[in-house]
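Inspection log for the structure reproduced underneath, given as structure tokens.
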2 protein chains.
Amino acid sequence: MTQSSLPLHTVLQIRDECLCLATQRAARKLARRFDRLFAPLGLTNGQFSMLVALSGQWAPRLGALADFLAMDATTMTAAAKTLEKRGLVQLIADETDARARRPILTEAGRALVAQAVPLWRAEHAKLHAEMTGTDATGLAQILWQLG
Amino acid sequence: MTQSSLPLHTVLQIRDECLCLATQRAARKLARRFDRLFAPLGLTNGQFSMLVALSGQWAPRLGALADFLAMDATTMTAAAKTLEKRGLVQLIADETDARARRPILTEAGRALVAQAVPLWRAEHAKLHAEMTGTDATGLAQILWQLG
DNA sequence: TCATTCTATATTGATATCAAACCAATACAA
DNA sequence: TTGTATTGGTTTGATATCAATATAGAATGA
């Protein structure tokens with residue numbers, strides 16, 4: 001009983017060092033946290049990121065947006081469809097390539113992301129405050145590279 | 001057209017600093033990477049983590065395991081069911097509390113996790129090698145706290 | 001031009017994720 | 001000991017995630 005299938009030091013090593021586990025774990029916590037934050041606006045954390053990404057001077061194709069978010073192309077198809085159904089983005093056929101489509105924000109999308117940003121700011125400030133001793137921006141940079 | 005709904009510096013700030021986005025992004029990349037690694041064994045990265053967590057001298061209830069992995073209780077219910085269906089874990093009723101159940105590894109589960117660990121070791125070593133200049137174990141610790 | 005190959009996206013099917021609502025068992029209080 | 005609150009887990013419904021596969025358009029080479 002309670003027989004160890006692995007040497008204990010192996011179990012502890014994976015627990016303490018596995019970057020995949022540590023990242024999935026943090027990702028779940030943060031997703032819950034920001035999903036709840038944006039829930040009053042009917043947004044998830046991922047939808048927020050997507051809308052922000054489309055708020056700059058950039059009109060990427062679906063594939064390029066998927067790459068930017070390190071997300072599978074098929075996930076992007078589904079995510080774009082959800083946002084389109086809600087009227088937050090519009091999918092425009094590319095002028096030169098009939099295969100490609102570019103998601104662009106609608107008025108409603110612009111208005112919603114503008115409402116969401118102050119919430120993000122406040123919550124992110126809290127998060128920073130909880131990370132005493134850690135360089136939050138440096139961490140974001142490292143995570144951006146990771147994987 | 002391509003009209004900015006947000007000040008550009010805001011868009012850039014969120015892109016560069018948002019820990020939620022950065023973490024989700026890294027989590028997707030690592031999940032894909034380790035899912036592919038374990039695919040020949042029919043395991044996902046999350047299933048691997050769960051099996052390893054059950055490989056130590058610990059026989060947690062479902063709720064405690066969910067807490068350990070920072071995962072929602074309902075997700076744990078579903079995940080445990082999948083592992084049970086595959087015969088990798090068995091769900092044992094708690095002796096003192098009729099509500100509680102404890103997942104424990106089966107022989108098959110022990111054998112499979114033993115096969116998976118060397119794959120993890122090799123891949124994780126590669127990952128370390130890609131992170132020149134970063135303290136990987138320190139990063140794992142920070143991520144464990146994060147959220 | 002035509003065939004081949006490549007590229008951008010979509011569809012399907014499986015698991016993962018969480019909120020909301022729920023049920024049953026336990027703990028606690030009057 | 002009954003009534004209430006809490007706790008452990010499950011079900012349902014929505015979105016997220018990705019592999020495998022498909023399709024249509026574009027690019028390329030003979």
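Note that the coordinates shown come from a computational prediction; the quantities given were computed from them, not determined experimentally. Reckoned from all heavy atoms, side chains included, excluding hydrogens, waters and symmetry mates. Lettering follows sequence order; numbering is per chain, from 1.
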Item to check | R86(A), nearest nucleotide to its side chain (from dT17(C), dT15(D), dT26(C)) | outcome: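 Nearest to the side-chain atoms of R86(A), counting from C-beta on, is dT15(D).
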Checklist entry - Of the nucleotides dT17(D), dT10(D), dA26(D), which one has an atom closest to the side chain of A78(A)? => result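 Minimum distance to the A78(A) side chain belongs to dT17(D).
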Separation of atom [atom1] in [X] from atom [atom2] in [N], rounded to whole Å:
{"X": "L30(B)", "N": "dC18(D)", "atom1": "CG", "atom2": "P", "answer": "11 Å"}
{"X": "R101(B)", "N": "dT7(D)", "atom1": "CZ", "atom2": "C1'", "answer": "16 Å"}
{"X": "K85(A)", "N": "dA14(D)", "atom1": "NZ", "atom2": "P", "answer": "10 Å"}
{"X": "M76(B)", "N": "dT15(C)", "atom1": "CE", "atom2": "P", "answer": "16 Å"}
{"X": "Q47(B)", "N": "dT17(C)", "atom1": "CD", "atom2": "P", "answer": "10 Å"}

N or O in side chain of [X] less than 4.0 angstrom from [N] OP1/OP2:
{"X": "R28(B)", "N": "dC18(D)", "value": "no"}
{"X": "R32(A)", "N": "dC18(C)", "value": "yes"}
{"X": "K81(A)", "N": "dT11(C)", "value": "yes"}
{"X": "T75(B)", "N": "dT17(C)", "value": "no"}
{"X": "T44(A)", "N": "dA16(D)", "value": "yes"}

Item to check | Nearest-nucleotide comparison on DNA chain C, the residue closer to the 5′ end among T74(A) and A100(A) | outcome: A100(A)
Checklist entry - Of A27(A) and D97(A), whose nearest nucleotide on DNA chain C comes first from the 5' end? => result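 The residue whose closest nucleotide sits nearer the 5' end is D97(A).
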Next on the checklist: Restricting to non-hydrogen atoms, name the atom on L54(B) and the atom on L65(B) that form the minimum distance, rounded to 0.1 Å.
Outcome noted: CD2-CD2, 4.1 Å
Checklist entry - A73(A) or T96(A): which one's nearest nucleotide on DNA chain D is closer to the 5' end? => result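 Looking at DNA chain D, the more 5' nearest nucleotide goes with A73(A).
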Next on the checklist: Here's a test of your reading of the structure: between A70(A) and R61(B), which maps to the more 5' nucleotide of DNA chain D?
Outcome noted: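 Its nearest nucleotide being more 5', the pick is R61(B).
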Next on the checklist: Counting distance alone, no hydrogens or angles: does the base of dT7(C) have a donor or acceptor under 3.5 Å from a partner atom on the side chain of R99(A)?
Outcome noted: yes
Next on the checklist: Could you tell me if the side chain of T137(A) sits less than 4.5 Å from the side chain of D16(B), heavy atoms only?
Outcome noted: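 No. Closest side-chain heavy atoms not under 4.5 Å.
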Checklist entry - Does a salt bridge link E107(B) with R110(B), judged by any charged N lying under 4.0 Å from a carboxylate O? => result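 Answer for the salt bridge query: yes.
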Checklist entry - At under 4.0 Å between heavy atoms, what does M71(A) touch on the DNA or RNA strands: base, sugar-phosphate, or nothing? => result sugar-phosphate
Next on the checklist: Applying a 4.0 Å non-hydrogen cut-off, can you work out what T82(A) is touching in the nucleic acid: base, sugar-phosphate, or nothing?
Outcome noted: sugar-phosphate
Checklist entry - Are W120(B) and F38(B) close enough that their ring centers fall under 6.0 Å? => result no
Next on the checklist: Would you call the rings of F68(B) and W58(B) parallel, tilted or perpendicular, taking 30° and 60° as the class edges?
Outcome noted: perpendicular
